[in-house]
Amino acid sequence: GNHSHAGNHSDYGDCWCLCDGNDVKDGQIDVTGSVSGKGVTEDKCLGDGPDQCSQMGLTCDGTLTTRWEYNSAYDGAVWDDQPSDTGNHTDTGNHTDTGNHTDT
């Protein structure tokens with residue numbers, strides 16, 4: 001459509017986890033910034049949200065998705081790991097417990 005937010009302002013809102021399109025109990029993602037502010041953009045909610053839902057421990061037999069809800073009171077959350085938060089969630093090798101269960 002012709003409904004474009006061409007960078008002149010950002011809309012911030014809440015982000016909710018969905019399982020097969022249905023709201024999940026306790027499925028609201030915390031959009032309060034660790035530094036300041038509150039609210040996420042629709043792009044961030046839809047892009048990063050499903051991964052966040054998984055990290056929150058939500059279980060879904062189907063597909064975890066998210067929906068975004070505009071809130072005019074939000075000015076945008078700022079986290080202390082911005083702008084790049086790649087590599088923060090790598091926990092490879094933490095769960096190797098080989099040899100612990102040998103009871104010979």
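These values consider heavy atoms only, across backbone and side chains, with no hydrogens, waters or symmetry-generated copies. Numbers for residues simply follow the sequence, beginning at 1.
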Problem set entry | Distance-only donor-acceptor check, side chains Asp14 and Tyr70, under 3.5 Å | no
Problem set entry | Over all atoms of both residues, closest heavy-atom pair of Pro50 and Leu46 | CD-O, 3.6 Å
Exercise. Looking at Gln28 and Trp16, what are the two nearest heavy atoms and their distance?
Worked result: OE1-CH2, 3.4 Å
Exercise. What's the spacing between Cys15 SG and Asp48 CG if we round to 0.5 Å?
Worked result: 9.0 Å
Exercise. Who else is in Ile29's hydrophobic cluster (ILVMFWY, side-chain heavy atoms under 4.5 Å, direct or via others)?
Worked result: Val24, Met56, Leu58
Problem set entry | All salt bridge (Lys or Arg N to Asp or Glu O under 4.0 Å) counterparts of Asp20, not counting sequence neighbours | none
Exercise. Which pair of heavy atoms, one from Ala77 and one from Gly33, lies closest together, and at what distance?
Worked result: CB-N, 3.4 Å
Exercise. For Glu69 and Arg67, what are the C-alpha separation, side-chain angles and deciding distance, and is it a salt bridge (charged side-chain N to carboxylate O under 4.0 Å, His left out)?
Worked result: CA-CA 7 Å; Glu69 200 168 90; Arg67 71 177 172 86; 2.8 Å; yes
Exercise. Which pair of heavy atoms, one from Trp79 and one from Lys44, lies closest together, and at what distance?
Worked result: CZ3-CE, 4.2 Å
Exercise. Taking all atoms of both residues into account, what is the closest heavy-atom pair of Cys45 and Val40, and its distance?
Worked result: CB-CG2, 4.1 Å
Exercise. Does any donor atom in the side chain of Asp30 or Thr32 lie under 3.5 Å from an acceptor atom in the other side chain?
Worked result: yes
Exercise. Would you say the side chain of Val31 lies within less than 4.5 Å of the side chain of Tyr74, judging by non-hydrogen atoms?
Worked result: yes
Problem set entry | OG1 on Thr41 to CG on Asp11, rounded to 0.5 Å | 9.5 Å
Problem set entry | Atom pair NZ/CG of Lys38 and Asn71 - distance to nearest 0.5 Å | 8.0 Å
Exercise. Is there less than 2.5 Å between the SG of Cys17 and that of Cys53?
Worked result: yes
For this session: Find out whether Leu18 and Thr66 are in side-chain contact, i.e. whether some heavy atom of one side chain is under 4.5 Å from a heavy atom of the other.
Result: no
